[in-house]
**Q** 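Structure incoming, see below.
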Amino acid sequence: MSNDAAIDIAIIGGGIIGICAAASLAEAGRRVTVFDRTGICEETSSGNAAAFAFSDVLPLAHKGMIRQLPKWLADPLGPLSIPPAYLPKLLPWLIRFWRAGAPEKYEASLAAQAGMMKLAEAEWMGLLDRSGTREMLREDGSLELHESEAEFRASLSGWAARARFGIGFRHVEGEELAALQPGLSPRFVKGTFVPGWKTVADPKLLGKAVWAYAQSKGARFERARIERIATNRDGAALTLAGGTTRQTRHLIIAAGAWSHLLAGQLGDRIPLETERGYNTTLPATAFDVKRMLIFSGHGFVITPLQTGLRVGGAVELGGIARPPNYNRSKALLQKAQRFLPGLDPSGGREWMGFRPSLPDSVPVIGLAPGSRSVVYAFGHGHLGLTQAAAAGRLIRDLVLGQTPPIDLAPFSPQRF
């Protein structure tokens, strides 16, 4: 394609949101070009915990996180850390996050996420079937673990909220808990089993497989870093690193933790922050984990993958420029050894990724305020993989001018 040939639809971001948007638009017969600086599903979407967390409808500000903040922040390698030098920059976001936990905002956020999750599950099941990737789906449920009666009781209001939206679960203890995960430390006195929880064989492999399907429908990829964007009467102009410019009729910004920087070039201030997450992927032989284990009191999970055993999570609110602190992944692995006595910690591969997070835990999906040619789709936090197929469907509806299946007002870029 020559530099002056107009692109029909350009997507900035080759992560799972951009991939699913490309697949959905290509299925509709549109010509799509995805731009990414590294490749398809090579960055944050490659190393996540592999969950289709359709039951995870509680906004972060309501998951007991505010209550736990002082305790967590006191431990530099705990579930949540903030580098002291980054705190002044982070403070406005933290204030918004605290306000998002207000009771009057709870119902609206919960209803928005529940509607999004219902759509996400339906859209993912359809996309898995159409793309021939259904065999990568695992339906083993999840097991959330509690170390005390008090910790278990503190979780009950959240389970009651999920029950209102038809999410199934059962609380377990004793022999039933041991049967769901043999070899678990006796420190865990109760658990909650969610039978409908799903995971995927490996998030990177799934992303690349869905992309192969999008390619079969005509989507194409261009490796490039987008330095600048600007709107014009014909859509939008992209300036690539090196100075090349490209014109596109429609532009979708799905660049994860970098998206707000691009939106800022169009004059839109969106309070996106970066929850840096860490993990270690061990060989599959490290321990026989039956299903995803969720250690909510410690902010991490263990997921059995086709490609190994992934121990990861935690949150470091530290932006996109600081170097990784892999002591955090080592701390998670040490906890995993205490929680699963007999776990072999050798031969692991450490990783850090950037979760793009908004203070109310609800993503931005909508037209840019000043242009009908630009669609924003970012800020999914911990739920990018889970919500990607729904985001792809909603992006397609916005581009094609069709009525979306859910109300997009809660996801508006102008809500802040």
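Residue numbers count from 1 along this sequence.
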**Q** Under 6.0 Å between the ring centres of His298 and Phe339?
**A** yes
**Q** May I ask you to check if Arg162 and Trp159 form a cation-pi contact, with NZ or CZ under 6.0 angstrom from the six-membered ring centre and within 45° of the axis?
**A** yes
**Q** Strictly under 6.0 Å, is that where the ring centroids of Trp258 and Phe354 end up?
**A** yes
**Q** How far apart are the C-alpha atoms of Gln387 and Gln113, what are their side-chain angles, what is the distance that settles it, and do they pass the side chain to side chain donor-acceptor pair (under 3.5 Å) test?
**A** CA-CA 10 Å; Gln387 297 182 344; Gln113 284 289 53; 3.0 Å; yes
**Q** Nearest 0.5 Å, what's the CZ-OG1 distance between Arg225 and Thr239?
**A** 14.5 Å
**Q** Checking side chain to side chain contact (heavy atoms under 4.5 Å, CB included) for the pair Arg393/Asp397: CA distance, chi angles, key distance, verdict?
**A** CA-CA 6 Å; Arg393 161 69 188 274; Asp397 290 343; 3.1 Å; yes
**Q** Return the minimal non-hydrogen interatomic distance between Ile19 and Cys41, and the atom names on each side.
**A** CD1-CB, 3.9 Å
**Q** Donor-acceptor pair, distance only, cut-off 3.5 Å: does the side chain of Thr248 make one with the backbone of Leu251?
**A** no
**Q** Hey, are the side chains of Arg291 and Arg138 touching, using non-hydrogen atoms and a 4.5 Å cut-off?
**A** no
**Q** Any side-chain heavy atom of Leu394 within less than 4.5 Å of one from Pro405?
**A** yes
**Q** So do the side chains of Ser155 and His146 get within less than 4.5 Å of each other, counting heavy atoms only?
**A** yes
**Q** Going from NZ on Lys105 to CD on Glu107, what distance comes out if it is rounded to the nearest 0.5 angstrom?
**A** 14.5 Å
**Q** For Arg269, does the CZ atom sit with more than 12 other heavy atoms under 6.0 Å from it, leaving out its own atoms?
**A** no
**Q** Side chain to side chain donor-acceptor pair (under 3.5 Å) for Thr303 and Arg310? Distances and angles first, verdict last.
**A** CA-CA 5 Å; Thr303 314; Arg310 184 156 288 165; over 6 Å; no
**Q** With rounding to the nearest 0.5 angstrom, report the OG1 to CG distance, Thr281 to Asn279.
**A** 4.5 Å
**Q** Of the options Lys330, Arg328, Glu316, Glu350, which is the one that meets Tyr278 in a side-chain hydrogen bond (donor to acceptor under 3.5 Å, both in side chains)?
**A** Glu316
**Q** Crowded around Lys118 NZ? As in, over 12 foreign heavy atoms under 6.0 Å?
**A** no
**Q** Taking the side chain as C-beta and beyond, is there a heavy-atom pair between Arg415 and Val362 under 4.5 Å?
**A** yes
**Q** If I compare all heavy atoms of Ala23 with all of Tyr213, which pair ends up nearest, and what's the gap?
**A** CB-CD2, 4.3 Å
**Q** Answer yes or no: are there more than 12 heavy-atom neighbours, outside Arg99 itself, under 6.0 Å from its atom CZ?
**A** no
**Q** With a sphere of 6.0 Å drawn around CZ of Arg372, does it hold more than 12 non-hydrogen atoms of other residues, nucleotides or ligands?
**A** no
**Q** Can you tell me how far the OG atom of Ser142 sits from the CD1 atom of Ile294, to the nearest 0.5 Å?
**A** 4.0 Å
**Q** How far does CG of Leu119 sit from CE of Met117, to the nearest 0.5 angstrom?
**A** 11.0 Å
**Q** With side chains defined as the heavy atoms from C-beta onward, is the minimum distance between Glu275 and Leu317 less than 4.5 Å?
**A** yes
**Q** Begin from the C-alpha positions of Phe52 and Trp197 and carry the test ring pair (Phe, Tyr, Trp, His ring centres under 6.0 Å) through to its verdict.
**A** CA-CA 7 Å; Phe52 277 161; Trp197 187 280; over 10 Å; no
**Q** Please tell me whether Phe193 and His171 form a close aromatic pair, meaning their ring centres lie under 6.0 Å apart.
**A** no
**Q** Compare every heavy atom of Gly18 with every heavy atom of Ala254, then report the nearest pair and how far apart it is.
**A** CB-N, 4.1 Å
**Q** Is it true that atom CZ of Arg164 has more than 12 heavy atoms of other residues, nucleotides or ligands lying nearer than 6.0 Å?
**A** yes
**Q** Does CZ in Arg187 sit with more than 12 non-hydrogen atoms of other residues, nucleotides or ligands closer than 6.0 Å?
**A** yes
**Q** Scan side-chain atoms only and decide if Thr33 and Glu222 contain a donor-acceptor pair under the 3.5 Å cut-off.
**A** no
**Q** Indicate whether the side chain of Asp202 and that of Thr307 have a donor and an acceptor atom separated by less than 3.5 Å.
**A** yes
**Q** Heavy atoms, side chains only, cut-off 4.5 Å: are Val374 and Ile252 in contact?
**A** no
**Q** Are side-chain heavy atoms of Val375 and His250 found at a separation under 4.5 Å?
**A** no
**Q** Taking the six-membered ring for Trp and the single ring otherwise, decide whether the centroids of Phe221 and Phe35 are under 6.0 Å apart.
**A** no
**Q** Could you check whether Glu273 and Ser357, counting side-chain N and O atoms only, form a donor-acceptor pair closer than 3.5 Å?
**A** no
**Q** Please report the shortest heavy-atom distance between Ser157 and Ala154, naming the atom on each side.
**A** OG-O, 4.1 Å
**Q** Between Thr280 and Trp351 (side chain of the first, backbone of the second, donor and acceptor by atom type, cut-off under 3.5 Å), is there such a pair?
**A** no
**Q** Among Ile302, Leu143, Leu184, which residue meets the side-chain contact (heavy atoms from CB on, under 4.5 Å) test with Val289?
**A** Ile302
**Q** Could you measure the distance from the CZ atom of Arg130 to the OG atom of Ser24? Nearest 0.5 Å is fine.
**A** 7.0 Å
**Q** Could you tell me if the side chain of Val172 sits less than 4.5 Å from the side chain of Lys190, heavy atoms only?
**A** no
**Q** Does atom CZ of Arg228 have more than 12 heavy-atom neighbours from other groups under 6.0 Å away?
**A** no
**Q** Looking only at side chains, do Gln247 and Asn232 share a donor and an acceptor under 3.5 Å apart?
**A** yes
**Q** Please determine which of Arg37, Lys208, Arg223 meets the salt bridge (charged side-chain N to carboxylate O under 4.0 Å, His left out) test together with Glu42.
**A** Lys208
